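Just so it is clear, the model here is predicted, and its values are computed rather than measured. Every heavy atom of this structure was used, including side-chain atoms; hydrogens, water molecules and symmetry mates were not. Each chain gets a letter, A, B and so on, in the order the sequences are listed, and its residues count up from 1.
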There are 2 protein chains.
Amino acid sequence: MDETGNQAALWASIRDALEADLAAGLYAPGDKLPSEAQLAARFCANRHTVRRALASLAEAGIVHARRGAGVFVTARPTRYRIGRRTRFHQNLHAAGLHPEKRHVRLETRPADAREAQALDLAPGAPVHVWEGVSIADGTPIALFRSVFCAARFPALKEALAQTHSVTVALARCGLEDYTRRETRVSVSIADAIKARHLMLDPGAPLLRTVGINVDPQGRPVEYGRTWFAGERVELVVGDE
Amino acid sequence: MDETGNQAALWASIRDALEADLAAGLYAPGDKLPSEAQLAARFCANRHTVRRALASLAEAGIVHARRGAGVFVTARPTRYRIGRRTRFHQNLHAAGLHPEKRHVRLETRPADAREAQALDLAPGAPVHVWEGVSIADGTPIALFRSVFCAARFPALKEALAQTHSVTVALARCGLEDYTRRETRVSVSIADAIKARHLMLDPGAPLLRTVGINVDPQGRPVEYGRTWFAGERVELVVGDE
DNA sequence: ACGGATTTGTGCGTATGTATG
DNA sequence: ACATACATACGCACAAATCCG
């Protein structure tokens with residue numbers, strides 16, 4: 001019988017008990033659960049029965065097992081909302097996290113072909129490039145690279161260096177508002193450099209977004225690429 | 001020198017030429033490019049210069065190299081738009097692809113906790129579950145699992161079996177219109193079963209979306225989970 | 001760098017209760 | 001009443017990955 005009827009199966013009770021423990025914060029995200037043998041002893045059940053319960057939790061993405069290591073509480077992915085008004089600080093602050101941005105590179109250089117096309121500039125036109133790591137509550141969330149037209153926003157580089165915020169820096173340069181025209185999402189694999197910045201293993205899956213922010217007249221102002229740590233982020237679209 | 005202004009660097013020209021070839025469809029996704037030596041001969045440049053161009057393409061995710069094998073065109077043809085009006089057939093048909101859905105499972109069973117919560121049902125309430133593979137031009141794009149309230153749409157199972165279309169089947173059951181309330185995007189890793197369905201290697205990264213479609217009154221009607229083949233799909237959000 | 005202990009993954013065998021026809 | 005199928009539960013053994021001294 002499923003859990004359809006009169007009596008709950010033992011494994012389902014174990015799952016519920018573990019789920020309650022997790023909800024109560026007894027085990028924090030990233031923590032290792034007691035070994036299957038220990039759990040079997042605690043619930044006075046066979047290890048297979050415990051495994052059935054753990055499988056149910058794993059299927060729901062609540063825990064995940066690593067052979068030889070243990071069963072771990074899946075770190076709650078931070079929900080990152082993407083839409084017409086994607087703002088990093090607002091986004092994470094609303095989620096109760098402490099957002100932070102660390103500089104990796106900030107320079108002015110000629111645009112390459114893709115950047116020029118995205119920003120509707122002549123190839124080789126000077127652009128400000130800001131690269132950094134987005135951090136929430138101390139753990140790196142994403143690596144970003146934003147490109148802006150340097151001719152239109154001459155003072156943007158200093159503004160970014162001072163404010164660490166695209167929204168504020170653009171406002172200082174006279175742009176009151178901007179919106180996201182389109183975001184494309186794909187997967188990519190962390191190379192050695194991205195892995196180091198994000199504190200991941202090389203080869204870890206990343207969520208790659210490419211977006212263009214436009215001014216109220218619809219002209220592109222920012223060409224942004226972001227690589228999110230796949231295991232730490234869930235993107236949310238809709239319901240703006 | 002970079003492409004610092006006056007004159008385009010040779011490697012950039014080579015990259016642009018290759019990119020044009022790719023855009024022209026000269027090399028199809030998955031194809032192997034000519035060897036670096038052959039390309040060097042074609043462009044009358046040193047192999048290092050060709051490698052610089054290929055590196056630029058690889059960095060953009062357009063090609064990827066496999067040591068000892070060659071440089072391959074990254075298969076990322078399908079841009080799949082997600083938004084308030086996500087419709088599989090429309091979506092791919094608009095992209096000039098031939099969409100198709102293959103049944104994997106179609107059954108009625110009690111809802112599990114998550115499904116019940118998503119659809120706002122009592123736990124264990126009967127739901128129709130439709131699972132299948134979305135195919136575009138013969139290659140599998142995604143694995144989907146859709147859950148509907150069986151009490152509200154008693155005839156939906158047959159309608160799905162006949163029409164292979166959520167939109168049409170729901171219309172037959174009296175629901176004229178529905179919209180996507182929210183979509184969550186995350187990465188996951190293909191297990192053996194998903195890999196077989198999607199014709200991928202186990203361990204390949206997937207784009208996982210979880211979405212809820214609601215009727216005009218805002219009541220949830222479909223709880224849909226989809227696993228896209230990461231290397232074959234790019235999700236597009238915005239500009240609806 | 002290596003070995004042994006720990007932990008999860010997998011397979012098989014057995015037994016029992018329950019729903020189905 | 002009976003056979004069958006299925007989910008549940010337990011036990012044992014070994015493989016594979018990991019951890020730690």
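Using a distance-only test at 3.5 Å, with no hydrogens or angles considered, no donor-acceptor pair links the side chain of Thr139(B) to the main chain of Ile135(B). Of the possible polar contacts, one joining the Arg232(A) side chain to the Leu198(A) backbone as a donor-acceptor pair under 3.5 Å is found.
Between the CZ atom of Phe43(A) and the P atom of dC10(D) there is a distance of 13 Å, rounded to whole Å. Following rounding to the nearest Å, Arg51(A) (CZ) and dG11(C) (P) show an atom-to-atom distance of 11 Å. Straight-line distance from the CZ atom of Arg15(A) to the C1' atom of dA7(D): 15 Å, rounded to whole Å.
For dA1(D), there is no paired base (Watson-Crick or G-U wobble, both distances below 3.5 Å).
In this structure, Val185(B) and Ile82(A) have side chains that are not in contact, with every pair of non-hydrogen atoms separated by 4.5 Å or more.
A donor and an acceptor atom, one from each side chain of Ser56(A) and Arg15(A), are located under 3.5 Å apart.
Residue Thr49(A) places at least one side-chain N or O under 4.0 Å from the OP1 or OP2 atom of dC10(D).
Using the six-membered ring where Trp is involved, Trp130(B) and His103(B) have ring planes that are tilted, between 30° and 60° apart.
Atom CZ of Arg51(B) has 12 or fewer heavy atoms from other residues, nucleotides or ligands within 6.0 Å.
Residues of residues 32-40 of chain A having a heavy atom closer than 4.0 Å to DNA chain C, listed by number: Ser35(A), Glu36(A).
Considering only residues two or more places apart in sequence or on other chains, Thr108(B) meets the side-chain contact (heavy atoms from CB on, under 4.5 Å) condition with Pro126(B), His128(B), Ala150(B), Lys157(B).
The existence of a salt bridge linking Arg145(B) and Glu115(B) is excluded, since no basic side-chain nitrogen approaches an acidic carboxylate oxygen closer than 4.0 Å.
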Per-nucleotide protein contact string for nucleotides 11-21 of chain D (B base, S sugar-phosphate only, - none; heavy atom under 4.0 Å): BBB--BBBS--
